[in-house]
**Q** 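Pasting in a structure now, in structure tokens, and then I'll have a few things to ask.
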Amino acid sequence: MSEIVRRIVRRWYHPSLLRSSGQYTWSPALQLHTSGTAMSVTQKDFENAMNQVKLLKKDPGNEVKLKLYALYKQATEGPCNIPKPGAFDFVNKAKWDAWNGLGSLPKETARQNYVDLVSSLSGPSSESSSQVKPGADSKQEGYENLLVTSEDRITKILLNRPTKKNAITTQMYHEIMLALKAASQDDSVLTVLTGSGDYYCSGNDLTNFTDIPPGGVEEKAKNSSFLLRDFVNCFIDFPKPLVAVVNGPAVGISVTILGLFDIVYASDRATFHTPFSHLGQSPEGCSSYTFPKIMGSSKAAEMLIFGKKLTAGEACAQGLVTQVFPDSTFQKEVWTRLKAYSKLPPNAMRISKEIIRKNEKEKLHAVNAEECNVLLSRWQSDECMNAVVNFLSRKAKL
Ligand SMILES: CCCCCC/C=C/C(=O)SCCNC(=O)CCNC(=O)[C@H](O)C(C)(C)COP(=O)(O)OP(=O)(O)OC[C@H]1O[C@@H](n2cnc3c(N)ncnc32)[C@H](O)[C@@H]1OP(=O)(O)O
């Protein structure tokens, strides 16, 4: 083991790098305000949702209450505009983190997310709504950082960790695989992956690398390689039409797997970034095969080797994205469209997908296995370890 590896392993174990999320108590300070500024179409839904929160029979838990608080503030006041509370002011710090974590999420999107979240907590409502609201029908339990809902024959898998830009933890990889398996067997006809808050997803959670098993870095790399292979296989084999609703910036693995989706709709706020060389890593998600095929080898090289970040418009011009929508109408337009698609005959859609993808499957599995194998050694390289340590010690961001 080289000196740098020893240094990194020591640092991986250093407690100052391992943060805990903390526990918060439900207090009036965390409750929602009930007055809001008047806003166009969805104001009634928003007010209904605020009232529904007060009627919830079950305490939704602190994490959800912080999300509700943050979305409420974002919807009514815009991006966080108050100074960061001191580290020992736990409750206000947690609230500030939650609100600040929404970044520049537009008010309208925050209002929509607030209404969606409340309806997922309340179950189906008898009141009519002027909006298309995915996910109000039935919420599936058992996920910590996903919100999985089904309505209108659409299963929606929402990455629900907005304060960490929906970075994917080891547990989330497992949860996403479970959710995909369940969606492949439920009575929905379309499956959607999307993100909560201002990001679609910031990729692999880099703190995953801090959890080193007794077998050391090599065992960690092997476990990660197996997990990644299984994760990507779930997308390769998913039998129903799979849609990415890219609500904001997307990084790393959340971008590479887009080549395995059937449709990719993006907000004009979204960006697409695969900074693998910067991280001492290499492409995954079958992107080493799908990207050159989709956009040509030189455009793919610019993204995958040189880490060029694409705007939504550029990603659409290069064929990675199906269509770009203005952020202000993104949710409404996309869900209206998907709701219409979900009425098409399900067997025809499934069979069409199968025939489109069938000849590629074997190749995709081989590419996936090879990419995971290359990453197995990349993750043990000094280049990769330095990049991770720099991020964790806050020396580097993208
Ligand atoms: C089983 C293993 C499979 C591995 C598969 C291989 C996958 C490869 C990849 O996905 S590579 C891509 C990895 N992602 C990154 O390198 C992104 C790192 N993050 C950033 O550079 C920035 O956070 C940002 C540009 C995404 C957003 O910047 P900003 O808007 O300034 O927000 P913050 O940096 O303050 O972020 C808020 C909060 O979230 C935490 N966070 C964001 N992204 C990640 C991440 N990928 N991993 C861990 N944590 C992340 C960030 O640290 C902040 O936390 P804090 O509030 O400080 O506690």
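In what follows, every heavy atom counts, from backbone to side chain, and hydrogens, waters and symmetry copies are set aside. Every number for a ligand or one of its atoms is a count from 1 in the order of the listing. What you are looking at is a predicted structure, and each value in this text was computed from that prediction instead of being measured.
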**Q** Just which atoms of ligand 1 are under 4.0 Å from any heavy atom in Y173?
**A** 1 (C), 3 (C), 4 (C), 5 (C)

**Q** From the options V148, T149, L190, V243, select the one residue that forms a side-chain contact (heavy atoms from CB on, under 4.5 Å) with K156.
**A** T149

**Q** Given side chains that start at C-beta, do those of F291 and L320 come closer than 4.5 Å, heavy atoms only?
**A** yes

**Q** So does D262 pair up with R357, basic N to acidic O under 4.0 Å?
**A** yes

**Q** Only heavy atoms of A167, strictly under 4.0 Å: list the atoms of ligand 1 that pass.
**A** 44 (C), 45 (C), 46 (N), 47 (N)

**Q** Can you check which of E371, K165, E284 brings a heavy atom nearest to atom 6 (C) of ligand 1?
**A** E284

**Q** Do you see a donor-acceptor pair shorter than 3.5 Å between the side chains of Y173 and N204?
**A** yes

**Q** For ligand 1 and S202, I'd like to know whether there is a polar contact (N/O to N/O, distance under 3.5 Å).
**A** yes

**Q** Kindly confirm or rule out an N or O of F276 lying under 3.5 angstrom from an N or O of ligand 1.
**A** no

**Q** If we ignore angles and hydrogens, is there a donor and acceptor under 3.5 Å between the side chains of T155 and S150?
**A** yes

**Q** If we only consider heavy atoms of N223, is any one of them less than 4.0 Å away from an atom in ligand 1?
**A** no

**Q** Mind checking whether Y72 and F46 have parallel, tilted or perpendicular rings, split at 30° and 60°?
**A** parallel

**Q** Give the atom numbers and elements of ligand 1 that come within less than 4.0 Å of a heavy atom of W379.
**A** 4 (C)

**Q** Using a plain distance cutoff, I'd like to know if I253 has any nitrogen or oxygen under 3.5 Å from a nitrogen or oxygen of ligand 1.
**A** yes

**Q** Less than 4.0 Å is my threshold; does some heavy atom of F209 fall inside it relative to ligand 1?
**A** no

**Q** Pick from D211, T210, D205: which one makes a side chain to side chain donor-acceptor pair (under 3.5 Å) with T207?
**A** D205

**Q** For L279, counting its heavy atoms only, list the atoms of ligand 1 lying under 4.0 Å from any of them.
**A** 11 (S), 12 (C), 13 (C), 16 (O)

**Q** With a cut-off of 6.0 Å (strictly less than), are more than 12 heavy atoms of other residues, nucleotides or ligands near NZ of K308?
**A** yes

**Q** Given ring-ring contact (aromatic ring centres under 6.0 Å, His included), test F235 with F261 step by step and report yes or no.
**A** CA-CA 8 Å; F235 287 87; F261 282 67; 5.7 Å; yes

**Q** Hey, which atoms in ligand 1 end up nearer than 4.0 Å to a heavy atom of Y199?
**A** 24 (C), 25 (C), 26 (C), 27 (C)

**Q** Below 4.0 Å from ligand 1: does a non-hydrogen atom of G103 turn up there or not?
**A** no

**Q** For ligand 1, which atoms sit closer than 4.0 Å to a heavy atom of G203?
**A** 10 (O)

**Q** Indicate whether the side chain of N386 and that of N390 have a donor and an acceptor atom separated by less than 3.5 Å.
**A** no

**Q** Taking non-hydrogen atoms only, is T163 closer than 4.0 angstrom to ligand 1 via side chain, backbone, both or neither?
**A** backbone

**Q** If you measure from each non-hydrogen atom of F231 to ligand 1, which part falls under 4.0 Å: side chain, backbone, both or neither?
**A** neither

**Q** For T207 and ligand 1, does the shortest N/O to N/O distance drop below 3.5 Å?
**A** no

**Q** Are a donor atom and an acceptor atom from the side chains of Q43 and E47 found within less than 3.5 Å of each other?
**A** yes

**Q** Ignoring hydrogens, just give me the one of T274, D205, T170, L228 whose non-hydrogen atom is nearest atom 48 (C) of ligand 1.
**A** D205

**Q** Heavy-atom distances under 4.0 Å decide this one: backbone, side chain, both or neither, for L227 against ligand 1?
**A** side chain

